[in-house]
Amino acid sequence: MQTPVDPTATSAWKRLTELHEAMEPDLRAWFADDPQRAERFSYELADLYVDLSKNLLTDDVLSALAELAEAVDLPARRDAMYAGEHINITEDRAVLHTALRRPATDTLVVDGQDVIADVHGVLDKIYAFADRVRSGQWTGITGKPIETVVNIGIGGSDLGPVMVYEALKPYVKDGLECRFISNIDPADCAEKVKDLDPETTLFIIASKTFTTLETLTNARMARDWFLAALEERGLPTEGAIAKHFVAVSTALDKVAEFGIDPDNAFGFWNWVGGRYSVDSAVGTVLAVAIGPEHFKEFLGGFHAVDEHFATKAPAENVPMLMGLLNVWYVNFFKAASHAVLPYAQYLHRFAAYLQQLTMESNGKSVRWDGSPVTTETGEIFWGEPGTNGQHAFYQLIHQGTQLIPADFIAVANPAHPTKDGGVDVHELFLSNYLAQTAALAFGKTAEEVRAEGTPEEIVPARVFAGNRPTTSILAPALTPSVVGQLIALYEHITFTQGIVWGIDSFDQWGVELGKKLALEIAPAVQGDAAALEAQDASTRALITRYRDLRR
Ligand SMILES: O=P(O)(O)OC[C@H]1O[C@H](O)[C@H](O)[C@@H](O)[C@@H]1O
């Protein structure tokens with residue numbers, strides 16, 4: 001096992017420390033003194049235009065960050081990931097989400113197996129299934145075509161599919177609706193099935209392990225609801241599960257145990273992390289919703305960014321630069337969070353999706369060799385679509401005491417071009433996207449505030465310091481390819497940060513403890529006196545109060 005390089009011991013880190021100490025951020029002056037600044041720090045990444053110029057970035061910082069990338073062996077670690085080496089050390093697994101979007105003509109032999117052939121074998125099966133559902137050839141127990149697809153999964157088996165379904169709503173086939181059940185709170189399942197027609201509903205049970213408590217419980221509840229609903233209509237239940245339940249998993253034996261026909265199961269592999277799986281069979285619900293052709297475009301978008309990430313040197317590599325900038329903010333400016341603010345209503349679940357991707361990946365305090373990390377790691381990712389966020393939390397980004405780097409994402413062409421009294425509403429929307437990053441970068445001085453006739457005692461409250469870093473991403477439109485590009489961009493940003501910090505971004509041991517404890521506490525909640533006695537005083541009192549309150 002290669003020992004992780006301690007980033008703080010590199011000469012690049014020393015240089016960054018000195019640059020940070022000497023830096024007096026002044027984006028107004030930096031832009032005024034350098035007419036080329038916007039051009040120099042803007043990049044093309046597949047269809048995305050990425051403007052890094054409003055970051056606290058200078059040529060010296062950029063070159064020191066690129067030097068850091070080399071010092072921690074980022075290019076070699078990237079190559080090892082693409083080649084299928086077991087870079088997920090604590091689980092001894094390859095990390096090959098990039099193989100999920102490679103063309104069928106490629107080959108990649110890992111652990112004696114051509115994974116690209118495997119990937120396309122499953123994709124072909126998914127596409128054939130999607131075509132059958134979409135064309136009405138796949139029918140329910142009474143011969144009716146499917147109108148609603150319900151995906152049951154949680155974490156990586158839910159967040160990606162939901163986010164992309166919402167992002168690509170304009171591409172969803174007319175007359176087809178998808179719903180998503182994830183929470184073990186029975187309210188989730190109850191609300192999602194309550195007005196469904198069992199004869200036209202298809203359930204997809206998505207779970208990498210097929211052991212996840214929430215998903216299996218929801219799957220059983222859905223199955224019970226479905227069979228009861230058929231019986232209520234006096235319809236036969238024999239053979240109904242095979243026509244209304246399919247599965248997505250790496251554990252096809254467990255799928256069969258649940259009662260789903262293995263012919264109706266779509267597999268993937270343990271080298272796909274849950275939070276990196278929306279482009280695997282976990283995306284089956286999406287292939288049905290938007291159709292195989294659009295799903296292929298979606299995968300093509302990922303692949304275009306993968307190619308860029310694989311081939312560009314750190315100083316020109318957009319995901320690397322964005323990941324390195326995040327390191328710059330977290331470790332040198334002590335930024336504890338990062339906002340992602342899409343100016344695209346269809347991306348309203350993007351931040352929620354990114355939270356699992358980034359925080360489950362990089363929320364670690366030991367390195368991949370078990371030694372403690374040498375610096376802060378994973379920042380909190382959060383956000384809401386603009387302009388809603390502007391009327392809620394932007395105040396803190398503009399004038400609070402914390403530095404919160406923010407990514408602003410917008411598209412040039414709206415799905416619904418609309419005019420309001422002759423004004424293009426999308427342009428009004430984009431003006432907000434542009435105004436916010438300008439205000440954050442350049443602020444407003446006391447003189448400017450005074451010049452507006454503001455009474456002196458109110459001037460300080462109206463001053464904006466500026467120099468609040470933002471990245472602007474502009475895409476032509478929210479196409480399947482662009483959505484794939486955005487996801488791959490953030491996957492590789494996350495990877496970059498993880499490598500600098502020396503952590504295994506592909507395990508998630510922190511999640512395991514809570515799962516185990518929930519199973520241990522369950523008997524106490526259900527009334528087992530000995531199990532109750534074994535709990536700590538606070539948990540015991542809460543359970544006792546709950547049992548008193550429960551009617
Ligand atoms: O797909 P499953 O095996 O059901 O796992 C669903 C989720 O379970 C856990 O919470 C893991 O931490 C996630 O990474 C995973 O996505």
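Please read these numbers as outputs of a predicted model, since none were measured by experiment.
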**Student:** Take the angle between the ring planes of F302 and F298 and call it parallel below 30°, perpendicular above 60°, tilted in between.
**Tutor:** perpendicular
**Student:** Taking CD in E39 as the centre, count heavy atoms belonging to other residues, nucleotides or ligands within less than 6.0 Å. Is the count above 12?
**Tutor:** no
**Student:** Sequence neighbours excluded, which residues qualify as side chain to side chain donor-acceptor pair (under 3.5 Å) partners of S42?
**Tutor:** Y49, D51
**Student:** Under 30°, 30 to 60°, or over 60°: which ring-plane class applies to H97 and Y276, parallel, tilted or perpendicular?
**Tutor:** parallel
**Student:** Taking side chain as C-beta onward, heavy atoms only, is P480 less than 4.5 Å from F295?
**Tutor:** no
**Student:** Within the side chain of S337, is there an N or O that forms a donor-acceptor pair under 3.5 Å with the backbone of E379?
**Tutor:** no
**Student:** Under a 3.5 Å cutoff, is there a donor and acceptor pairing between the side chains of E360 and Q355?
**Tutor:** no
**Student:** Between R40 and D59, is the closest basic N to carboxylate O distance under 4.0 Å?
**Tutor:** yes
**Student:** Under the side-chain hydrogen bond (donor to acceptor under 3.5 Å, both in side chains) criterion, do Q395 and Q399 qualify, and how do the steps go?
**Tutor:** CA-CA 6 Å; Q395 166 63 34; Q399 288 188 306; 3.0 Å; yes
**Student:** Do I152 and F180 make a side-chain contact, defined as non-hydrogen atoms from C-beta onward lying under 4.5 Å apart?
**Tutor:** no
**Student:** Does the ring of W368 carry R77 above it, NZ/CZ under 6.0 angstrom from centre and within 45° of its axis?
**Tutor:** yes
**Student:** Does a side-chain heavy-atom distance below 4.5 Å link F429 with D424?
**Tutor:** no
**Student:** Among F495, F350, Y353, exactly one meets ring-ring contact (aromatic ring centres under 6.0 Å, His included) together with Y490. Which residue is that?
**Tutor:** F350
**Student:** Can you see whether E214 engages N183 through a side-chain donor-acceptor pair at a distance of less than 3.5 angstrom?
**Tutor:** no
**Student:** Considering non-hydrogen atoms only, spot the tightest contact between W30 and N55 and give its length.
**Tutor:** CZ3-O, 4.1 Å
**Student:** Can you confirm if the aromatic rings of F332 and W13 lie within a centre distance of less than 6.0 Å?
**Tutor:** yes
**Student:** Output all residues satisfying side chain to side chain donor-acceptor pair (under 3.5 Å) with Y394, sequence neighbours left out; order by chain, then residue number.
**Tutor:** Y343
**Student:** Using the ring of F442 (Phe, Tyr or Trp, six-membered ring only), decide whether R28 places NZ or CZ under 6.0 Å from its centre and within 45 degrees of its axis.
**Tutor:** no
**Student:** Is it true that E520 and K516 have a side-chain N and a carboxylate O under 4.0 angstrom from each other?
**Tutor:** yes
**Student:** Do the side chains of D507 and R93 get close enough for a salt bridge, i.e. N-O under 4.0 angstrom?
**Tutor:** no
**Student:** Strictly by modelled atom types, are Q485 and S481 linked by a side-chain donor-acceptor pair under 3.5 Å?
**Tutor:** yes
**Student:** Does L489 reach the side chain of L48, with side-chain heavy atoms less than 4.5 Å apart?
**Tutor:** yes
